[in-house]
Every structure is written in C-alpha cells, then in structure tokens.
Amino acid sequence: MIFATFPYQALFQSVRFELVGRSASGGVGLSGATTRVASNSAHWKAEATFAIIGEEGFLAWQGFVAQMQGTLGETLVPAWSRYMPRDANGRELSRKDAVSVPPLGFGDNTGFGQTDTIHAKLEVSEALRDGSIRVRLVDTTGIRPGHRIGIGERCHDVLSGSDLGDGTVRLRIQPLLRQAYPENERVILDRPVCRMRFDTESEGVVTFDTQPVQFVTASFREVI
C-alpha cells in the first residue's frame with residue numbers, strides 16, 4: 001500500500017462528497033414496477049476543486065500527485081461540510097490546528113491549544129457493518145441529522161439520532177461501519193477524513209500557465 005500525505009497547501013474551493021452504490025435494481029416486473037434492492041455496499045466518491053498558489057503550493061500539490069502514483073496510492077481526504085457540531089459552549093469548531101501558540105495552549109480554555117480536544121467518543125464497542133452507534137457527548141452541544149462525523153479514517157453522515165438521557169445518543173449512520181471499533185474510540189466532529197484514492201490515472205495534473213493562481217479539480221473514490 002502506498003500512502004501519500006494530503007497537502008495542506010491545497011486550498012479547497014469546493015468539494016462534493018457523494019455516496020454511491022447504495023442500491024441495485026432488481027429489474028422490472030410484469031406489472032411494470034421497478035424492484036429496488038439495498039446493496040449495503042455504499043462507498044464515498046468525492047470531487048474537489050483546489051486553488052494552487054505560489055511555488056510552495058504548486059510543488060506540494062505536484063509532489064502529492066506523484067506520490068499517489070495514479071490509482072495505486074491512498075490518502076486521507078478532508079471530508080468538509082458547511083456546518084459541524086458545536087462545542088459544549090456553543091462555539092463553532094475549528095477545522096485547523098492553531099499555530100504559533102504554546103503546545104498546551106494558554107491554559108484558560110481559549111480554544112487556541114494545538115492539542116486535539118475529544119468532543120465525543122463511542123460509549124460501547126461497535127461491530128463491523130453496524131449502522132447504529134451509541135455515542136457519549138464529551139464537549140459538544142449535540143449531533144444532529146445532517147452532520148458529518150468521522151471514526152478513525154472513515155466518515156459517516158448522520159441519518160437520525162435519539163437522546164438516551166444519560167449523556168449519550170444513539171445515532172443511525174451511513175455508510176455502515178467499515179470495521180469494528182472499541183469502546184471509547186474517538187468520534188471526530190471537527191476534522192473527519194476519508195481514506196481514498198484517485199478515481200482515474202490522470203487525476204490532479206496541473207497544467208502550467210502564467211496565472212498567479214491555478215485551479216485543479218480531482219476526483220477521489222473511497223478505499224475499502
């Protein structure tokens with residue numbers, strides 16, 4: 001397996017995550033009705049456009065494309081969403097680590113620390129292909145349908161949720177869990193990622209031109 005670190009210099013302009021393969025057609029019956037069958041094999045496909053600025057950005061992106069070696073390489077693609085869950089104080093979560101501050105922050109809960117804050121975690125162990133998980137809320141006001149969360153190197157959309165009344169919630173998610181997870185596994189609310197590869201051999205190639213800012217669009221597909 002070839003792994004390439006996703007280049008932080010690539011600035012997202014737009015990104016579209018889409019679940020594909022959720023159903024299969026069972027054909028058309030004698031009555032003319034179409035039969036639809038759940039395949040339980042849904043996986044993520046993403047298309048993203050990036051702004052490449054300056055020498056550092058260009059070389060970082062070109063090096064990343066080279067490391068991906070067509071469809072052979074894998075990387076963790078940030079699964080951006082417009083709205084994320086908020087922390088326990090109702091503040092928006094940051095998508096990036098703060099810089100130029102003490103490693104442990106300022107010690108006054110300002111939110112500028114570089115250490116990751118655990119906002120939620122699995123209350124119990126969850127099995128492979130589970131579609132419902134029990135989550136303990138640690139530092140968040142809650143998780144709502146429509147939010148996108150991460151567990152390990154996978155991202156999931158929240159379909160529905162119910163408050164169990166003891167600081168935990170039961171969430172129904174898609175796609176199904178890719179692996180078993182232990183109790184207390186972190187549930188990522190601020191920076192979910194998805195392990196993906198390039199969709200085709202020719203993705204991400206930047207054409208040289210004289211413009212100060214270049215834009216490149218690449219398609220990715222989840223690695224299962």
Side-chain angles (χ1 to χ4, degrees), residues 1-21 42-85 92-101 103 113-120 147-157 173-175 177-179 181 185-208 211-224:
M1 185 271 292
I2 304 167
F3 183 81
T5 300
F6 196 87
Y8 70 88
Q9 297 91 345
L11 305 177
F12 269 113
Q13 296 300 295
S14 65
V15 60
R16 179 174 183 258
F17 267 77
E18 174 190 10
L19 273 176
V20 297
H43 60 279
W44 291 105
K45 184 177 180 181
E47 182 178 89
T49 299
F50 307 91
I52 310 299
I53 302 175
E55 179 181 3
E56 182 181 5
F58 184 89
L59 292 179
W61 180 261
Q62 189 160 267
F64 167 68
V65 172
Q67 293 166 24
M68 289 291 282
Q69 297 185 37
T71 60
L72 297 177
E74 301 175 10
T75 190
L76 299 180
V77 180
W80 298 112
S81 183
R82 181 176 292 275
Y83 298 106
M84 302 180 296
E92 292 184 357
L93 302 179
S94 173
R95 290 187 174 93
K96 298 181 180 178
D97 290 334
V99 295
S100 301
V101 297
Q114 289 180 295
T115 54
D116 282 337
T117 299
I118 295 178
H119 299 285
H147 279 149
R148 182 165 293 159
I149 62 175
I151 307 177
E153 298 178 342
R154 307 294 176 177
C155 66
H156 303 271
D157 279 348
I173 60 172
Q174 65 172 3
L177 293 183
R178 303 304 192 200
Q179 66 182 72
Y181 293 100
E185 177 77 14
R186 179 183 178 183
V187 177
I188 303 169
L189 306 186
D190 51 352
R191 293 183 292 275
V193 294
C194 186
R195 180 173 281 269
M196 309 186 89
R197 61 170 175 82
F198 278 151
D199 199 26
T200 68
E201 287 275 346
S202 59
E203 301 292 346
V205 178
V206 181
T207 301
F208 172 77
Q211 299 300 317
V213 179
Q214 293 181 261
F215 295 91
V216 59
T217 297
S219 294
F220 301 86
R221 190 173 295 270
E222 185 177 9
V223 175
I224 306 297

Could you give the distance from [atom1] ([X]) to [atom2] ([Y]), rounded to the nearest 0.5 Å?
{"X": "Gln214", "Y": "Thr207", "atom1": "CD", "atom2": "OG1", "answer": "8.0 Å"}
{"X": "Glu153", "Y": "Glu74", "atom1": "CD", "atom2": "CD", "answer": "8.5 Å"}
{"X": "Arg82", "Y": "Arg148", "atom1": "CZ", "atom2": "CZ", "answer": "12.5 Å"}
{"X": "Leu19", "Y": "Lys45", "atom1": "CG", "atom2": "NZ", "answer": "12.5 Å"}
{"X": "Asp190", "Y": "Ile118", "atom1": "CG", "atom2": "CD1", "answer": "11.0 Å"}
{"X": "His156", "Y": "Ile188", "atom1": "NE2", "atom2": "CD1", "answer": "10.0 Å"}

Do you know the tightest heavy-atom contact between [X] and [Y]?
{"X": "Ala120", "Y": "Leu189", "answer": "CB-CD1, 4.3 Å"}
{"X": "Val15", "Y": "Ala48", "answer": "CG2-CB, 3.9 Å"}
{"X": "His147", "Y": "Tyr83", "answer": "CD2-O, 3.6 Å"}
{"X": "Glu203", "Y": "Thr217", "answer": "OE1-O, 4.3 Å"}
{"X": "Ala4", "Y": "Thr75", "answer": "O-OG1, 2.7 Å"}
{"X": "Trp44", "Y": "Cys194", "answer": "CD1-SG, 3.9 Å"}

Should the pair Phe6 and Phe220 be assigned to parallel (<30°), tilted (30 to 60°) or perpendicular (>60°) ring geometry? tilted

Does the pair His119 and Thr117 meet the rule for a side-chain contact (heavy atoms from CB on, under 4.5 Å), with working shown? CA-CA 6 Å; His119 299 285; Thr117 299; 3.9 Å; yes

Report the residue from Asp199, Thr200, Thr71 that forms a side chain to side chain donor-acceptor pair (under 3.5 Å) with Arg221. Asp199

Glu222 and side chain to side chain donor-acceptor pair (under 3.5 Å): which single residue from Arg154, Arg195, His43 fits? Arg154

Below 3.5 Å, can you tabulate the donor-acceptor pairs from side chains in residues 50-67 to any protein atom, sequence neighbours excluded?
unit_1	atom_1	unit_2	atom_2	d
Glu56	OE2	Tyr8	OH	3.4
Glu56	OE2	Gln9	NE2	3.4
Trp61	NE1	Gly204	O	2.8

Hey, is CD on Glu92 packed in by over 12 heavy atoms from elsewhere, all under 6.0 Å? no

